[in-house]
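Quick note on labels: first sequence line is chain A, next is B, and so on, each numbered from 1.
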Number of protein chains: 2
Amino acid sequence: MNTHYKNKEKIDKMQDAIIKAAIKVYAAKGMHGIRIADIAKEADVSYGLVYHYFKNKEDVLNAIFAKSINIFLRAIENAAVQEKSLEHKLNSITTFLFNACKEFPEFMYVIMFEVIWTPKFLETRNFMSFTRAFSTFEKILIEYREKGELKKSIDTTVSTYMFFGGLEMILTGIVIKAIPVEKTEMFQKLSNSFINQYINGIAASK
Amino acid sequence: MNTHYKNKEKIDKMQDAIIKAAIKVYAAKGMHGIRIADIAKEADVSYGLVYHYFKNKEDVLNAIFAKSINIFLRAIENAAVQEKSLEHKLNSITTFLFNACKEFPEFMYVIMFEVIWTPKFLETRNFMSFTRAFSTFEKILIEYREKGELKKSIDTTVSTYMFFGGLEMILTGIVIKAIPVEKTEMFQKLSNSFINQYINGIAASK
DNA sequence: ATAATTTGATTTGTTTGTCAATAAACAAGC
DNA sequence: GCTTGTTTATTGACAAACAAATCAAATTAT
């Protein structure tokens with residue numbers, strides 16, 4: 001029984017190491033260019049060992065997907081529950097993602113460029129968790145609209161998509177270095193600008 | 001001389017037909033799954049003929065990319081020049097893209113899911129034209145900010161990314177049918193909601 | 001008759017997934 | 001705590017599968 005646990009732990013560790021390597025390769029070569037041989041090399045294990053821990057290549061890819069998507073989910077659902085004001089909730093989500101961009105750029109790269117928009121992904125139940133995130137967010141908006149803090153006229157679906165779309169595009173800009181971020185404070189500044197414009201719009205107030 | 005012209009025309013037509021087929025295959029199988037054999041079949045030509053009109057597979061992909069990206073560019077740069085008010089400019093861009101979604105969903109699918117976020121794409125000068133579109137848009141915002149129609153405090157880079165990001169996400173939602181659009185009028189409604197929220201934000205006015 | 005187009009079978013190259021051999025980890029008996 | 005047997009991890013060479021690119025032959029247009 002004790003040994004059982006140890007084995008499972010070891011297996012998990014090894015799988016994780018391989019996935020980590022796979023993500024690195026993925027980020028460098030993309031969905032198409034990724035090769036088991038490269039993953040093995042990056043993980044510093046033999047070719048065959050990858051097949052000891054994963055059934056096949058698809059299995060590896062799915063593992064990447066599954067691991068990736070959970071980052072998003074937890075951040076959003078946490079924020080939905082934990083924070084009090086709308087602004088705090090939004091800030092909690094964006095800050096989390098901006099930090100992830102800063103700390104695990106390769107990881108975020110994979111999530112944003114490859115995982116989300118892959119046809120394979122769109123078919124899996126990973127996608128379901130993605131839409132769940134969207135609807136969790138939309139519920140927050142609806143709640144605050146009913147409280148009177150948001151315009152009665154807004155289409156919350158559109159708002160939801162705008163939030164994630166806008167955020168994703170900015171994160172993308174950062175990851176591909178189209179938006180330069182020299183100092184760490186810049187992240188907070190970007191995050192604030194984003195939320196402020198999202199809530200208040202860009203038009204000059206009359 | 002005359003024959004020369006005719007040849008060029010014919011070649012263009014053939015290349016176009018193959019690209020069109022390639023886009024269809026691309027939409028169905030993605031960057032990874034696309035095979036010359038499938039393209040040939042879809043275009044109803046022999047395998048070898050694809051290699052008569054294109055140097056190799058990469059050449060075909062590049063042709064897809066190049067063709068795709070121009071749609072975006074023209075819409076944006078047209079709007080920048082033609083329309084008068086900011087709202088009209090924005091509306092011109094969104095309407096164009098919403099219509100494209102309606103009329104060529106496969107095409108838009110390829111552009112949004114595959115072309116834009118492919119590492120290969122990010123390296124090419126296709127990407128340059130993409131950033132050019134962004135900066136064209138940003139210039140519009142700066143112009144109207146100076147006119148006093150937009151808040152002095154906005155970060156125009158963030159606003160630009162929010163616009164394209166939000167728009168892209170909504171278009172994505174439509175293409176993958178996460179946002180259902182039964183009637184054609186819905187497109188206009190979505191487009192209006194988007195622009196209105198983009199300009200005025202979501203917060204209730206005090 | 002000549003040139004341009006079109007074909008698909010063949011070659012060439014690459015990558016997956018298998019497998020038999022080896023090493024390490026572990027448990028049981030002495 | 002040492003020996004032996006058994007299971008599990010690890011290796012890399014290899015075969016099978018697959019898809020790209022080539023090319024000589026056939027067709028069609030001029």
- [ ] Look at the side chain of A:Y198 and the backbone N and O of A:S159, then say whether any donor-acceptor pair between them is shorter than 3.5 Å.
- [x] yes
Task: Residues in contact with DNA chain D, drawn from residues 48-56 of chain B - heavy-atom cutoff 4.0 Å - done: B:Y51, B:N56
Open item on the list: Check this one for me: any side-chain N or O of A:K57 less than 4.0 Å away from OP1 or OP2 of D:dA17?
Closed with: no
Open item on the list: Considering every strand and a 4.0 Å limit on heavy-atom distances, what is the contact class for A:I34: base, sugar-phosphate, or nothing?
Closed with: sugar-phosphate
Open item on the list: Nearest whole Å is fine: how far is C:dA25 P from A:I11 CD1?
Closed with: 15 Å
Task: Length of the line joining B:I36:CD1 and C:dG13:C1', which is rounded to integer Å - done: 15 Å
Task: Close aromatic pair by centroid cut-off 6.0 Å: B:F194 and B:F163 - done: yes
Open item on the list: For A:Q188 and A:N192, which I'm curious about, is there any donor-acceptor pair between the side chains at under 3.5 Å?
Closed with: yes
Open item on the list: I'd like to know if B:Y47 reaches the base of C:dA9 with its side chain, counting only an N/O donor and acceptor under 3.5 Å.
Closed with: no
- [ ] Using modelled atom types only, decide if a donor and an acceptor are shared between the side chain of B:K20 and the backbone of B:Q15 within a distance under 3.5 Å.
- [x] no
- [ ] Looking only at side-chain atoms of A:R35, point me to the closest of C:dT7, D:dT10, C:dT15.
- [x] C:dT15
Task: Value in whole Å for how far the P atom of C:dG17 lies from CG of A:D59 - done: 10 Å
Open item on the list: Rounding to an integer number of Å, can you tell me how far B:E58 CD sits from C:dG13 C1'?
Closed with: 16 Å
- [ ] State, without any angle test, whether A:E138 and A:T157 hold a side-chain donor-acceptor pair at a distance under 3.5 Å.
- [x] yes
Open item on the list: As a test of understanding, state which of A:Y51, A:Y47, A:Y53 forms a side chain to side chain contact (heavy atoms under 4.5 Å, CB included) with A:L49.
Closed with: A:Y53
Open item on the list: What is the distance, to the nearest angstrom, from the CE atom on B:M14 to the C1' atom on C:dT7?
Closed with: 12 Å
